[in-house]
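Fair warning: this is a prediction, and the values are worked out from it, not measured in the lab. As a basis for the values below, the full set of heavy atoms in this structure was taken, side chains included, without hydrogen atoms, waters or symmetry mates. Residue numbering restarts at 1 for every chain, and letters A, B, ... go by the order of the sequence lines.
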Amino acid sequence: MLSKKIRKIISEAIANLYGKDLSNIEFQVERPRVREHGDFAVNVAFILSKKLKQNPRKIGSDIVKYLETSSYFSKVEVAGPGFVNLFLSSEILHDELREILLFGENYAQVDIYKGMKIQVEFVSANPVGPMHIGHGRWAAYGDTLARMLEKSGADVTREFYINDAGRQMDIFAESVACRYSELFGEKPEFPEEGYRGHYIVEIAREIADKYGDEFMKINFEERKQLFKDVAYKMVLEHLKKVLNKMDVRFDVWFSERTLHESGKLEQAVKMLEEKGFVYRKDGAVWFRSTDFGDEKDRVLIRSNGEPTYFLADIAYHIDKKERGFDKVIDIWGADHHGYVPRMVASMQALGYGKEFLEVIIGQMVNLLSGGKPVRMSKRTGEMITLEELMEEVGKDALRFFFVSKSTDSTLDFDIDLAREQSQKNPVYYVQYAHARICSIIRKAEEEGLKVNKDEVELVKELNLAEELDLIYLLSLFPETVEVCAKTRDVHHLPSYLIELASNFHSFYQKVRVIGEDEKKSKARILLINGVKTVMSTGLSLIGVSSPERM
RNA sequence: GCGCCCGUAGCUCAGCAGGACAGAGCAUCGGACUUCUAAUCCGAGGGUCGCAGGUUCGAUUCCUGCCGGGCGCGCCA
């Protein structure tokens, strides 16, 4: 990674100029906002000026003097109040392009999480109905984060927690049983809290199509019980189908029910009790989460003997720990953020390190239609499903859109705008750049212009500013991925890809790849191959395809 | 009332572990296709970075307070 190499060079310079004990001070190697300020800018003079009690400008120029002879840079200058601006030499950029061509899709493979077993749990939608747009955001985000963690060396498990126990499930089964009965002329009373969405009727009809009136032979109560399984499995299959269409695949589908059935809940209580954080009050069993900063203690087992969702969740996380993950990342919607302190408290009570559980809270998605909010309610059933949306705008546009914004911001999704803009979506801009490159390469091959493996040295022919700028931008790819993985702010990658596409389109306009000069042509083919590699690797990280033609 | 998130160009959003004149896409206006895909490019207009203080050589970025918006404060999940 270029910035790391530069960091090393600067540290060496400091060691030589000011002594070894100063060589490990913290400083920034950043990409300047303005092109004229170089490829990289270093703020080390400001940091040193405090320690050395010297003018930063003076320190800067001393460092510049030291670096001037380095073959890494074509120009080094001190600027402004004391920034050291570095301009990369073309040799270094040529080396970088060679590296890209050599490593291909592994160019951005970094090792910051090497050897780490990380679990990412996301979506985890209740299997009582179709997924909505909010789920889509977490599906896209979670899967992309997982891909980036993998690129960073981690061994990642994608997991979906199925809330197949508890009252929601009962209500759901009863709702379906009612609709099913109605299809055969019976009119049981529809439950007060039942799900009224049309999809319930569809599930009932699906069951009727598949099994006929078979379930009418048993009484309503038995029917209800049975549907907890039959209807639930249908929904689950449906969820999997939609997620598959989004290219989101889970390694583990974890059933909450299995925790209840295997006695894991009781075990969890016992474990917390042994640590001394459990007490009884008002007939209920409590966890003293206030010991860990929660605002109030929480119930584990209700006075009626029923466990809370919270207890099941603790048991679930104990199971995660026992499966040997070094880190588990839970992705939750903002409507659950109040739940974080108690969950974190339970992990601390159990003595799991602070690093073990990380909860990422993502803000909500507002669905708009023509600028006006659309309610998303399972109860009334008035909503646009994720599947419908994907059919409208396509998987690529959908995924790109979802991961392009910070998870800290609520996302306004205007369905009409999405329809209207789907052709102008930035994703096509990026994909078009890729398709264009493929087209040039095809054309070159038609004309018999092929670059052999031993001709990689021709990258030396690349000396135009447009060419070198493009390589410079390519060199920023690995650290972009690293930043995304580290900060969990995945949206930096789409921004980067748009910038790369923009630079390429601009390059395309100014510089002809296939031309008179064979060496230059070959060199440029190498260059655009580099762009193609980075672009398709980047797109694949967000689960978007790289079309060869458009 | 308390807690979390947000408030940047007409719209949707980047930038924020402090850094040098604030960016992109869309929209608007004006140019560029007999040449590797015009789903493209080049140019123009457009911003008191919610408001007020503070810390700093330097604040859109950090701190405090206020204003505005979203979400949450169950022996629900």
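Evaluation of the ring pair (Phe, Tyr, Trp, His ring centres under 6.0 Å) rule for A/His336 yields no partner, not counting sequence neighbours.
Screening residues 521-531 of chain A for salt bridge (charged side-chain N to carboxylate O under 4.0 Å, His left out), with sequence neighbours left out, gives A/Glu455-A/Lys522, A/Glu467-A/Arg524, A/Glu518-A/Lys522.
The phosphate of B/A39 (OP1 or OP2) has no side-chain N or O of A/Arg436 nearer than 4.0 angstrom. Phosphate contact (OP1/OP2 of B/A38, side-chain N/O of A/His505, threshold under 4.0 Å): absent. Taking only side-chain nitrogens and oxygens, A/Ser521 never comes nearer than 4.0 Å to OP1 or OP2 of B/C36. Phosphate proximity of B/A38 to A/Tyr508: present, with a side-chain N or O under 4.0 Å from OP1 or OP2. Distances shorter than 4.0 Å separate none of the side-chain N or O atoms of A/Tyr428 from OP1 or OP2 on B/C26. Within the structure, every side-chain polar atom (N or O) of A/Thr308 is placed at least 4.0 Å from both OP1 and OP2 of B/C76.
Side-chain atoms of A/His337 and base atoms of B/G3 include a donor and an acceptor less than 3.5 Å apart. At a cut-off of 3.5 angstrom, counting only N and O atoms as typed in the model, there is a donor on one side and an acceptor on the other between the side-chain of A/Asn85 and the base of B/A20. Between the side chain of A/Ser303 and the base of B/C75, at least one donor-acceptor pair of N or O atoms lies under 3.5 Å. For a distance-only test at 3.5 Å, the side chain of A/Arg33 fails to qualify as a donor-acceptor partner of the base of B/U61.
The aromatic rings of A/Phe413 and A/Phe402 sit tilted relative to each other, their planes meeting at an angle between 30° and 60°.
For A/Arg35, the CZ atom sits in a packed shell: over 12 heavy atoms of surrounding residues, nucleotides or ligands are nearer than 6.0 Å.
With its glycosidic angle more than 90° from 0, B/C42 is assigned anti.
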Dot-bracket notation for RNA chain B, counting Watson-Crick and G-U pairs under 3.5 Å, with | for partners on another strand:
(((((((..((((.........)))).(((((.......))))).....(((((.......))))))))))))....

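Separation of the A/His505 and A/Tyr432 ring centroids falls under the 6.0 Å cut-off.
The CZ atom of A/Phe83 sits 15 Å away from the P atom of B/C57 (whole-angstrom rounding). One atom, CH2 of A/Trp286, and another, P of B/G74, lie 11 Å apart when rounded to the nearest Å.
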